[in-house]
Amino acid sequence: MAVSIVAQDGRIAVSSPYHPNFPARARFLGGEWDAARHVWLFDAGENDRVRSLCREIYGTDGAAGIPNAVRYDGNGFSDGAGVPHYFGHRQRLRERMIDNGAESLPDYELLEVILFAARGRGDVKPVAKALLGRFGGFAETMSAEPEALAAAGLNLAGIAAIKAAREAALRLMRAELQQQPVVNSWDKLIDYCSAQVAHGKVEEFHILFLDRKNVLIKDERQQRGTIDHTPVYPREVVKRALELGASALILVHNHPSGDPTPSQADIAVTQDIKKAVAPLGVVLHDHVIIGRNRHTSLRELGEI
């Protein structure tokens with residue numbers, strides 16, 4: 001059997017004679033054995049490394065003396081050279097991200113990298129750009145509900161990849177708030193709260209429970225409501241503060257309209273919670289309302 005390398009749908013299929021050293025080396029490069037077709041499958045971005053492996057073990061990469069050539073069939077050719085336009089794109093994008101830093105990537109490319117984990121083959125750039133266009137931006141896409149992402153055409157793996165990336169970012173931000181008094185890191189607190197709820201389509205009511213040094217113990221979502229209302233029960237707040245041993249609280253909720261101006265109901269529930277926790281020696285530091293690109297502090301308004 002001669003060595004043959006054929007690329008289809010963003011993957012490389014390698015057909016070769018059996019060699020005892022090939023399977024382990026192939027798996028190291030991310031190769032998967034397709035028993036039905038009797039071929040090894042690799043991400044197209046591994047082309048150069050797969051070729052090098054074949055030359056090392058078999059003395060040839062099956063290119064019939066044509067350097068770096070790969071035979072292609074199917075659709076997706078460009079530039080008249082028989083190479084899909086996305087060939088090697090994943091590898092190049094990953095290398096550029098590592099060399100220059102993830103912050104150097106535009107939003108659609110960063111979203112591509114996230115989606116690589118969900119789609120093992122093919123070009124995900126059109127998917128990334130379509131999502132950003134549909135939801136209105138990177139933050140909106142990352143904050144979209146699973147149902148909305150599914151309606152946009154993402155499969156379960158794609159939805160899970162986006163939700164995992166968002167949660168990883170929130171945990172990094174939360175970790176900083178657990179290392180020093182929150183009241184001394186107000187800008188970081190607002191950034192965290194904005195990342196958490198600013199792009200929500202319905203109201204969410206969160207409570208930040210703090211210890212005696214005003215360090216974050218826990219951030220919990222107490223209620224999830226409608227587009228303009230979230231029911232909050234002071235007795236539940238008191239119960240949870242006792243369970244966590246909290247000494248202080250910060251209330252946080254969003255206004256999906258984008259306008260963080262407090263309603264009379266917002267002010268009333270703030271006063272109710274303040275009165276409910278005061279006999280326990282628990283201090284209500286603030287109630288922060290998050291809008292789109294801005295926020296309101298009820299303490300700054302003199303309502304606490």
Side-chain angles (χ1 to χ4, degrees), residues 102 105-120 122-175 177 189-209 216 218-233 236-237 240 250-263 265-266 269 287-296:
L105 301 183
D107 288 346
Y108 76 89
E109 287 189 335
L110 184 59
L111 187 54
E112 277 188 81
V113 173
I114 293 171
L115 294 175
F116 286 165
R119 186 173 295 188
D123 186 7
V124 297
K125 182 185 295 184
V127 177
K129 289 186 173 181
L131 288 171
L132 294 173
R134 182 185 181 103
F135 293 107
F138 187 82
E140 291 83 355
T141 300
M142 301 302 291
S143 300
E145 294 294 327
E147 296 80 7
L149 292 170
L154 274 190
N155 59 14
L156 180 62
I159 296 169
I162 285 177
K163 295 292 104 180
R166 179 178 185 271
E167 180 59 26
L170 289 173
R171 291 190 185 191
L172 284 171
M173 300 175 77
R174 193 182 305 137
L177 298 176
L189 173 68
I190 297 302
D191 288 344
Y192 168 72
C193 293
S194 296
Q196 180 83 279
V197 300
H199 300 284
K201 299 300 182 183
V202 298
E203 283 196 8
E204 293 185 17
F205 195 97
H206 287 244
I207 301 180
L208 307 185
F209 296 92
L216 180 65
K218 198 172 184 65
D219 164 22
E220 288 190 346
R221 186 178 73 184
Q222 296 297 302
Q223 295 290 336
R224 192 166 189 270
T226 64
I227 192 170
D228 59 3
H229 176 68
T230 306
V232 182
Y233 305 102
E236 295 297 327
V237 177
R240 192 57 178 146
I250 296 176
L251 312 179
V252 180
H253 84 280
N254 64 312
H255 279 181
S257 67
D259 179 2
T261 303
S263 65
D266 293 334
V269 76
H287 184 172
V288 179
I289 301 175
I290 302 295
R292 194 63 56 89
N293 301 319
R294 57 197 182 103
H295 70 280
T296 295

**Report entry** Heavy-atom side-chain proximity of Leu105 to Glu112 below 4.5 angstrom
**Finding:** no
Report summary line: Here the gap from Thr141 atom OG1 to Leu111 atom CG, rounded to the nearest 0.5 Å, amounts to 6.5 Å
Query raised in the report: With distance as the sole test, does Arg292 use its side chain to make a donor-acceptor pair with the main-chain N or O of His255 at under 3.5 Å?
Result: no
Query - Residue pairs passing the side chain to side chain donor-acceptor pair (under 3.5 Å) test where at least one lies in residues 129-140, sequence neighbours excluded - result: none
**Report entry** Side-chain H-bond candidate by donor/acceptor type, Asp259 with Thr261, under 3.5 Å
**Finding:** yes
Report task. Take Val232 and Gln222, measure what side-chain contact (heavy atoms from CB on, under 4.5 Å) needs, and give me the verdict at the end. Result -> CA-CA 7 Å; Val232 182; Gln222 296 297 302; 5.6 Å; no
Query raised in the report: So do Leu189 and Leu208 actually touch side chain to side chain, heavy atoms under 4.5 Å?
Result: yes
Query raised in the report: Just wondering, do Leu154 and Leu131 contact through their side chains at under 4.5 Å, heavy atoms?
Result: yes
Query raised in the report: Going by the angle between their ring planes, with limits at 30° and 60°, are Phe205 and His287 parallel, tilted or perpendicular?
Result: perpendicular
Query raised in the report: Looking just at side-chain N and O atoms, do Ser263 and Asp266 make a donor-acceptor pair shorter than 3.5 Å?
Result: yes
Report summary line: Residues passing the salt bridge (charged side-chain N to carboxylate O under 4.0 Å, His left out) test with Arg174, sequence neighbours excluded, are Glu167
Query raised in the report: Is there side-chain contact between Glu204 and His253, with at least one heavy-atom pair below 4.5 Å?
Result: no
Query - Contact check, side chains of Met142 and Ile114, non-hydrogen atoms, under 4.5 Å - result: yes
Query - Electrostatic pair Lys201:Glu145 at N-O distance under 4.0 angstrom - result: no
Query raised in the report: Given side chains that start at C-beta, do those of Glu236 and Gln223 come closer than 4.5 Å, heavy atoms only?
Result: no
